[in-house]
Amino acid sequence: MGGPPPKKKEKKRSDVSPNKQTYSLVQKKYQDQIVFSNAKISKINADPSKFISTWDMTQPLFYRIYRSNTIAEGVYDYSKKTNKEFNEYYFADFSTLTVVYING
C-alpha cells in the first residue's frame, strides 16, 4: 500500500505539440512575418494578392502573423532557456509582444 509517487517524465518539445499543424503554402512563404490587407485574412485560404505594403488611414487594416511555432512551443523554449520546469500553466506568464510601426 502506498509507495513513492511516480517520477514525472520530462517533456520533450515534440510532446508539447504532438499534433503539429500543417502549414499552408502561404504560411510557409510568409513564416515569421506579419502581413497586412484591407480585408480579413483567412487563416486557411489566405490570398497573397490581397496583401498590401502601403495603407491609407481611410481604409480598414487587417493583419495576420505567421509564426514558426505554437505558443506552447514558445513557452517550452522559454522554460528551457530559463531552466524552469515546463508547465502548461506558464501560459498565464508568457506573452508575445508584437510591435508594428505604421508610417514610421
Return the [atom1] to [atom2] distance between [X] and [Y], rounded to the nearest 0.5 Å.
X: L61; Y: I52; atom1: CG; atom2: CD1; value: 5.5 Å
X: S37; Y: R64; atom1: OG; atom2: CZ; value: 11.0 Å
X: T54; Y: Q59; atom1: OG1; atom2: CD; value: 8.0 Å
X: Q27; Y: Q33; atom1: CD; atom2: CD; value: 11.0 Å

Quick one: list whatever passes side chain to side chain contact (heavy atoms under 4.5 Å, CB included) with Q31, sequence neighbours left out.
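Partners of Q31 under the side chain to side chain contact (heavy atoms under 4.5 Å, CB included) test: Y23, S68.
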Sorted by chain and number, sequence neighbours left out, side chain to side chain contact (heavy atoms under 4.5 Å, CB included) with F62 holds for K40, P60
Please step through side-chain contact (heavy atoms from CB on, under 4.5 Å) for the pair K50 and D47, ending with a clear verdict.
CA-CA 6 Å; K50 294 186 179 176; D47 182 1; 3.7 Å; yes
Here the pair of heavy atoms bringing I41 nearest to F36 is CD1-C, 4.1 Å
Name all residues meeting the side chain to side chain donor-acceptor pair (under 3.5 Å) criterion together with [X]; count only those two or more places apart in sequence or in a different chain, and write none if there are none.
X: T82; result: none
X: T58; result: D56
X: N83; result: none

Partners of Y66 by ring pair (Phe, Tyr, Trp, His ring centres under 6.0 Å), sequence neighbours excluded?
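Testing Y66 for ring pair (Phe, Tyr, Trp, His ring centres under 6.0 Å), a comparison that skips the adjacent residues, returns none.
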Find out whether F51 and V26 are in side-chain contact, i.e. whether some heavy atom of one side chain is under 4.5 Å from a heavy atom of the other.
yes
Running the 4.5 Å side-chain criterion over Ile, Leu, Val, Met, Phe, Trp and Tyr, what cluster does I44 land in, apart from itself?
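Besides I44, the cluster holds no residue at all.
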